[in-house]
Amino acid sequence: MLVLGIESSCDETGVAMVQSQGDAVPTLLAHALYSQIEMHQAFGGVVPELASRDHIRRVLPLTRQVLNESGRNLQEVDVVAYTRGPGLAGALLVGAGVACALGAALGKPVLGVHHLEGHLLSPFLSEDPPEFPFVALLVSGGHTQLMRVDGVGRYALLGETIDDAAGEAFDKSAKLMGLAYPGGPLLAQLAQAGDPKAYALPRPLLHSGNLDFSFAGLKTAVLVQSQRMLAAAGVSHFQALPGQQQADLAASTQAAIVEVLLKKSVSALKQTGLQRLVVAGGVGANRALRTQLNAECAKRGVRVHYPELHLCTDNGAMIAMAAAMRLQSGLQQAVMDYAFDVKPRWPLHSL
Ligand code: KG4
Ligand code: ZN
């Protein structure tokens with residue numbers, strides 16, 4: 001079965017073709033991605049209307065590219081999948097509209113996919129796919145959740161953020177440091193030369209006794225710390241501080257976020273008694289997080305799986321993959337109903 005997948009929930013347009021055969025893990029034939037990050041950088045964050053308009057410009061050329069690279073034609077596609085939510089309503093509507101129009105024109109069924117299920121199942125696109133059951137740490141720009149995953153569509157929420165997501169904590173702290181949007185990867189880069197113990201920043205809810213997160217207070221602590229540093233140095237903006245101080249605050253911020261993610265993941269493994277951890281979402285690309293999780297999991301005999309680095313952030317491959325796996329599991333059928341809707345807010349555990 002050939003599944004074409006379209007992702008347009010935020011600021012990346014992604015299209016991919018996945019093939020599934022019997023019960024085997026589906027394989028990726030081709031995927032193409034266009035990131036709008038440069039366009040949004042001038043505004044310091046994603047501008048929803050501009051995102052939607054740009055998805056319109058990119059989605060068909062990317063679809064043609066995927067057809068070319070996979071050596072398949074549209075008539076061979078069995079199911080057209082798209083991200084139904086959560087995300088920006090206008091942006092989601094572009095992918096949903098194109099997918100349903102394609103389905104209607106081809107006489108093929110369509111399937112709306114949950115964006116976070118895409119992230120969650122993206123490690124199945126790697127060379128070393130996980131096996132169920134596992135604990136999943138979902139860390140993206142909009143979500144931070146720990147889930148118990150017993151199979152496709154069998155997701156139990158263990159804990160989640162009560163305010164900002166981990167990616168947001170990276171991005172908002174990075175913004176305070178004068179870094180461009182999205183600041184997560186840039187903050188991580190700046191942190192490389194820094195001392196993670198230089199500044200004592202809070203580890204919110206670390207000892208809360210549950211698996212919830214809170215990151216909103218961290219950016220305030222970063223703001224207060226940076227204001228102290230500016231006053232002491234007699235300069236007016238962060239990037240006028242000595243390079244080492246900038247790197248030290250970046251490293252301390254990253255260390256605070258990583259420590260909370262690490263400790264809560266370990267608690268989730270203990271609580272569930274599971275021996276496998278899957279990390280997914282944009283923040284899963286963070287090297288410090290990977291290094292520390294790898295070390296901790298090795299110590300505990302826990303296997304840890306990540307999506308390939310280039311599939312950590314949003315892409316079409318994970319959407320085509322999630323659709324193929326849902327169909328394979330028999331949980332859901334693609335439908336010939338093209339009256340689509342989108343779900344900008346849509347809890348994963350409600351699936
Ligand atoms: O999953 P994703 O592409 O989009 C959402 O669905 O939200 O995640 C994007 C988030 C952004 O907050 C970005 O700053 C963060 O992932 N991110 C990183 C890194 N790469 C991406 N954060 C820290 N370190 C990185 N290397
Ligand atoms: Zn995402």
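Count residues from 1 along the sequence. Atoms within each ligand, like the ligands themselves, are counted from 1 in listed order. This one's a predicted model, so the numbers in the text were calculated from it and none came from an experiment.
- Excluding waters, the protein N/O/S atoms found under 2.8 Å from the Zn ion (ligand 2) are His115 NE2, His119 NE2, Asp314 OD1.
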Enumerate, atom names and distances included, each donor-acceptor pair closer than 3.5 Å involving a side-chain atom of residues 16-25, sequence neighbours excluded.
none

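- Within ligand 1, the atoms closer than 4.0 Å to a non-hydrogen atom of Thr313 are 3 (O), numbered from 1 in the order shown.
- We find the CG-CG distance between Leu67 and Asn73 to be 7.5 Å, quoted to the nearest 0.5 Å.
- Annotation: atom 4 (O) of ligand 1 to nearest protein heavy atom, Asp314 OD1, 3.3 Å.
- The pair Arg148-Asp150 counts as a salt bridge, with a side-chain nitrogen and a carboxylate oxygen less than 4.0 angstrom apart.
- Scanning the protein for heavy atoms near atom 7 (O) of ligand 1, the closest one is Gly141 N, 2.7 Å.
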Could you walk me through whether Asp164 and Lys172 satisfy the salt bridge (charged side-chain N to carboxylate O under 4.0 Å, His left out) test, starting with their C-alpha distance in whole Å, then the side-chain angles of each, then the deciding distance to 0.1 Å, before giving a yes or no? CA-CA 10 Å; Asp164 288 356; Lys172 288 179 176 171; 3.3 Å; yes
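- The hydrophobic cluster containing Leu348 also contains Leu121, counting ILVMFWY residues as joined when their side-chain heavy atoms lie under 4.5 angstrom apart, directly or transitively.
- Of all protein heavy atoms, the one closest to atom 21 (C) of ligand 1 is Gly282 O, 3.3 Å.
- Under the side chain to side chain contact (heavy atoms under 4.5 Å, CB included) criterion, Ser265 pairs with Leu137, Leu146, Leu277, Leu293, sequence neighbours left out.
- Scanning all heavy atoms of the two residues, the minimum distance from Asp171 to Gly184 falls at OD1-N, 3.0 Å.
- Between Pro182 and ligand 1, not a single N/O pair is under 3.5 Å apart.
- Near His119, the atoms of ligand 1 lying under 4.0 angstrom from a non-hydrogen atom of the residue are 1 (O), 6 (O).
- Here the OG atom belonging to Ser350 is positioned 6.0 Å from the NZ atom belonging to Lys343, to the nearest 0.5 angstrom.
- For atom 23 (C) of ligand 1, the nearest protein heavy atom (residue, atom name, distance) is Asn286 ND2, 3.5 Å.
- Taking a 4.0 Å cut-off on heavy atoms, Gln254 fails to register as neighbouring ligand 1.
- Under 4.0 Å from ligand 1, the heavy atoms of His115 that appear belong solely to its side chain.
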Show your working on salt bridge (charged side-chain N to carboxylate O under 4.0 Å, His left out) between Lys197 and Asp248 and close with a plain yes or no.
-> CA-CA 8 Å; Lys197 295 201 173 81; Asp248 284 349; over 6 Å; no
Distance-only donor-acceptor hits, side chain of residues 227-235, under 3.5 Å, sequence neighbours excluded:
unit_1: Arg228; atom_1: NH1; unit_2: Gln225; atom_2: OE1; d: 3.0

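- A salt bridge links Glu117 with Arg326; the closest basic N to acidic carboxylate O contact falls under 4.0 Å.
- At least one heavy atom of Gly142 sits closer than 4.0 Å to an atom of ligand 1.
- A side chain to side chain contact (heavy atoms under 4.5 Å, CB included) with Phe213 holds for exactly one of Lys264, Glu160, Gln145; it is Lys264.
- Interface atoms of ligand 1 facing Gly167, defined by a heavy-atom separation under 4.0 Å, are 12 (O).
- Aromatic pair Phe215/Phe170: centroids not less than 6.0 angstrom apart.
- Residue contacts with ligand 1, taken as heavy atom pairs separated by less than 4.0 Å, do not involve His143 at all.
- Between Arg287 and ligand 1, no N or O atom pair is found at a separation short of 3.5 Å.
- Contact annotation: for Asp171 versus ligand 1, heavy atoms closer than 4.0 Å belong to the side chain alone.
- Nearest protein heavy-atom contact of atom 22 (N) of ligand 1 is Gly184 CA, 3.6 Å.
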